[in-house]
Amino acid sequence: MSQGRQLTFNIFRYDPQEPNDKPKMVRYHLTETPGMTVFIALNKLREEQDTSLQFDFVCRAGICGSCAMVINGFPTLACRTLTAKYPNGEITLMPLPGFELIGDLSVNTGKFMRELAERLKLWLHPKANDISIHRLEEPMAPEEAARLYELERCVECGVCVSACATKQMRETFVGAVGMMKIARFELDSRDARTAEDFYHVIGNQDGVFGCMTLLGCQDNCPKDLPHMQQIAYLRRKMAMTLV
Amino acid sequence: MKLIYTDSLVVGAGLAGLRVAIASKERGLDTLVLSLIPAKRSHSAAAQGGMQASLGNAVKGMGDDEDVHFQDTVKGSDWGCDQEVARMFAHCAPKAVRELANWGVPWSRVSAGPREVIVNAQKVTLQEAEEAHGLINARDFGGTKKWRTCYTADGTGHSLLYAMDNKAISMDIPVHERVEALSIIHDGQRCHGVIARCLITGELRAYVAKSTTIATGGYGRIYEVSTNAIICEGIGQALALETGVATLGNMEAVQFHPTAIVPVGILTTEGCRGDGGLLRDKDGYRFMPDYEPEKKELASRDVVSRRMTEHMRKGKGVDSPYGPHLWLDITLLGRKHIETNLREVQEICENFLGIDPAKDWIPVRPTQHYSMGGIRTKATGESPQLKGLFSVGEAACWDMHGFNRLGGNSLAETVVGGMIIGKYVADFCENNSLEIDTQLAEKFMRQVQTEIDTLVDGEGHESPFELKREMQRIMMDYVGIFRNGPELDKAVNELKALLERSRKLGIKCKKRHANPELVEALRVKRMLKVALTVACGAAARTESRGAHAREDYPQRNDRDWLNRTLASWPDANALEPVLSYEPLDVMKMELPPGYRGYGIDNAIAHPDTAKREQQIAEILAELGDNADRYQRQAALMPFELPPSLQAKNERLSDTLQRPSANALGEKS
């Protein structure tokens, strides 16, 4: 564990609400402490050096997906990124691209995800609406429940969106997060929607047929979700609806 | 003045808040939710292990029902809870689990046939019933008689929150994200909504509503090291306190979770021990059986946390630069189990500790985890003092937890309390009209505006970051797992000095829109009041009950302290809250105070206890042997519920015979 090392942070600073402000990179220096994460470092910088510094953390445990940012060129969760990971002690922080910038490292992923959920109708459409909550529940195959949970581990951090070349070119592309969620509901035996229903939503350039399979999503997903497999599966499934 | 009005206003978009919003919207009410953050990022997502509900599908849950869940909850609370509320809760928990299954939660399911588990460090093979195949599974948790904790791997809170928020989105319920409530609009009798600030633009808005539900979670972050998300700062409790009218209940009841990782305080779920994990000391020795021969690692959380602290005080802790810790050993569960059922734990270990929990022991120590105290409500969730003000979930003292909460009962409270209180909130909105008193709203708006102006333009020089750090240290050092009079007095005095200093806060960043320093300053003043209610409540309570452990008063004292602490802050200029006490009536209890089953039984009895026991025996004798358990329960302690939630819960056991001892994995 390195102790007392001098870290240099290059941080993107810009407040879009200040009329005269311009985007810039600002350098900060900080002494490293054992087990330091980017979460700890940013809070120290804010408390000790610049109280106006904006960033988002909530759980600080890699669970809530609030703190994704670009760290030395790669989008990832800042809370669980140890500073010790960078041998030369030089850390560059940029806000996640592809989202509305609130200020500095803070972006509005929440607004994006809510709009996506409304657009793709990302909720369970139950086959039956009148299932009694007082009676024994409907059984589900244990393997199905386990598979659903695997796909449901997405934390909506936005990393896949920012790592996606298609998304950078096509504003309306649903991204891996949208497809992963569709795949999750498509798999769910309780959901009434058919492959045809999903085709209407993602069977196009904004969905599975727009993906260039560069797989930045798969490479960077902090939850190691099987994006490649699910996109391929959905693409095949969507194509099959046409035959 | 920007004025937004609605029928049902909910502050906080975690599980409890969203569930109330859904209940309001289901009744056709205009509904609006305010949240500091996107709903799916709420702290509810961090609950790993699961929620308790007496479904009794798994073989180790057979024989479970509302009665057993109720008894576990009351004992867990050290008889500090409201037993009628605990009954309402236990009755509706299975309904909430089943409702969430209908909304999309992929609950882990029972697989028929043999299932290998670890119980007391031994491999045991359970035989799950054919008929239970595919029904909702349960795991073991501390302080429970049956395996009752329903789960989705170790991401239960995440799954529940996603299903709940998806449901809210499907119903078109608006969530105003990045908005912070700063003041409750009220006239001393009736709550009319809140004044809130947009964290992006800085705009102040008056949200006026028929009902206002505070669902802002706990106050863990008044402590230096907490498992809580960094937004769990007790602002909801502070808002209620600052009305000068509403009361907070049992604020000194603060739970420490036995197994948060060192140093960062991130939680590893109780499911680790429930699934068979062990606690070990610096010699690798499994010490819990020495202290708690029966329940061992699965004693109630408060008990395990105290035993761990005791053991470390004996010099048995592992030294580290961050002070002593102990080990959590889950290696005996095997890699497959860890990679499927304890996956988040594995990720946390890899990312924050750089260890592999299938091979390495995890450094853990007891860490602040849960706030049993909160905004005092009636069983309907409404404040007894302010009409139209409701509270639910960890923010509230609805009071099913008393002085210690059982693992798996907090996630359960969010969705069960939300389900029940949501109906009462909707009733309230249907029976009351919207009163828009713009002068009143303006008065509160001006107060908040002045507060912000003073922080930005005033002469103050105190740093909000510094005050917060000092407060957190005081709480950690003097209001922790073990407490005593001199230290608590010290805490109260030092916190008072900080509160006084907080009147001279000044900030360097002068922006009126997105300004993290301004946010910190507005919060720290409020947090200090919350911290003072905790410290003052703890100093005044000269007994030990549940998580409140006094070294100078080690006995539970039912004779003098079978009551609930109430705190209010009627004088805004005062430096401490006014405390009063609400007695718990033994003569109305279904389960009179008794031995909790840990350590020596040294409680000082309440004079009514023997009387009530006698009375209960008579009531039951009069009912005769033919009365079923529902009739017996109703005769002892009737409780209210909204009509649509009163139906009995169907169980697999209604159709099955009791499993053999062999199937239960018990040695004959």
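Only a predicted model underlies this, so the values are computations on that prediction, with no experimental measurement involved. When reading the values below, keep in mind they use all heavy atoms of this one structure, side chains included, and skip hydrogens, waters and symmetry mates. First the proteins, then the strands, lettered A, B, ... as listed; each starts at 1.
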*Asks:* Would you mind checking if A:R153 and B:E347 are paired as a salt bridge, meaning a charged N to carboxylate O distance below 4.0 Å?
*Replies:* yes
*Asks:* My understanding is that only one of B:I136, B:L652, B:L55 makes a side-chain contact (heavy atoms from CB on, under 4.5 Å) with A:L136; could you say which?
*Replies:* B:L652
*Asks:* With a 3.5 Å distance limit and no angle check, can you tell me whether B:R98 reaches the backbone of A:R135 through a side-chain donor-acceptor pair?
*Replies:* yes
*Asks:* Is A:E150 in contact with chain B via its backbone, its side chain, both, or neither, using a 4.5 Å heavy-atom distance?
*Replies:* side chain
*Asks:* Within residues 161-169 of chain B, which positions have a heavy-atom distance to chain A below 4.5 Å?
*Replies:* B:Y162, B:N166, B:I169
*Asks:* Is the backbone of A:E152 close enough, under 3.5 Å, to the side chain of B:H158 for a donor and an acceptor to pair up by distance?
*Replies:* yes
*Asks:* Should the pair B:R469-A:E47 be classified as a salt bridge under the 4.0 Å nitrogen-to-oxygen rule?
*Replies:* yes
*Asks:* Please report the interatomic distance CD(B:E177) to CE(A:M113), rounded to the nearest 0.5 Å.
*Replies:* 11.0 Å
*Asks:* So which part of A:F39 gets closer than 4.5 Å to some heavy atom of chain B, the side chain, the backbone, both or neither?
*Replies:* side chain
*Asks:* Please test B:W107 against A:M140 for side-chain contact (heavy atoms from CB on, under 4.5 Å), starting from the C-alpha separation and ending with a verdict.
*Replies:* CA-CA 9 Å; B:W107 293 110; A:M140 175 187 268; over 6 Å; no
*Asks:* Look up atom NZ in A:K223 and atom CD in B:E344, then write down how far apart they are to the nearest 0.5 Å.
*Replies:* 4.5 Å
*Asks:* Do B:R178 and A:D56 meet the salt-bridge criterion of a basic N to acidic O distance under 4.0 Å?
*Replies:* yes
*Asks:* Indicate whether any N or O donor in one side chain lies under 3.5 Å from an N or O acceptor in the other, for B:K95 and A:H134.
*Replies:* yes
*Asks:* If we ignore hydrogens and angles and just use 3.5 Å, is the side chain of A:R190 paired with the main-chain N or O of B:A101 as donor and acceptor?
*Replies:* yes
*Asks:* Carefully, step by step, assess A:Q54 and B:N515 under the rule side-chain hydrogen bond (donor to acceptor under 3.5 Å, both in side chains).
*Replies:* CA-CA 8 Å; A:Q54 291 185 63; B:N515 179 349; over 6 Å; no
*Asks:* Check each atom of A:K181 against the heavy atoms of chain B and say whether the ones under 4.5 Å are side chain, backbone, both or neither.
*Replies:* side chain
*Asks:* Looking only at side-chain N and O atoms, does B:R41 offer a donor or acceptor that is under 3.5 Å from a partner on A:T109?
*Replies:* yes
*Asks:* A:S106 versus chain B, heavy atoms under 4.5 Å apart: side chain, backbone, both or neither?
*Replies:* side chain
*Asks:* Given heavy-atom pairs under 4.5 angstrom as the criterion, report whether the side chain, backbone, both or neither of B:V110 touches chain A.
*Replies:* backbone
*Asks:* Report which part of A:D50 has an atom under 4.5 Å of a heavy atom belonging to chain B: side chain, backbone, both, or neither.
*Replies:* neither
*Asks:* Tell me, side chain or backbone of B:I200 under 4.5 Å from chain A's heavy atoms, or both, or neither?
*Replies:* both
*Asks:* Nearest 0.5 Å please: distance from the CD atom of A:E18 over to the NE2 atom of B:H513.
*Replies:* 4.5 Å
*Asks:* In terms of heavy-atom proximity below 4.5 Å to chain B, should A:A146 be classed as side chain, backbone, both, or neither?
*Replies:* neither
*Asks:* Where does A:I131 contact chain B at under 4.5 Å (heavy atoms): side chain, backbone, both or neither?
*Replies:* both
*Asks:* Using non-hydrogen atoms only, which part of A:L77 is less than 4.5 Å away from chain B: side chain, backbone, both, or neither?
*Replies:* neither
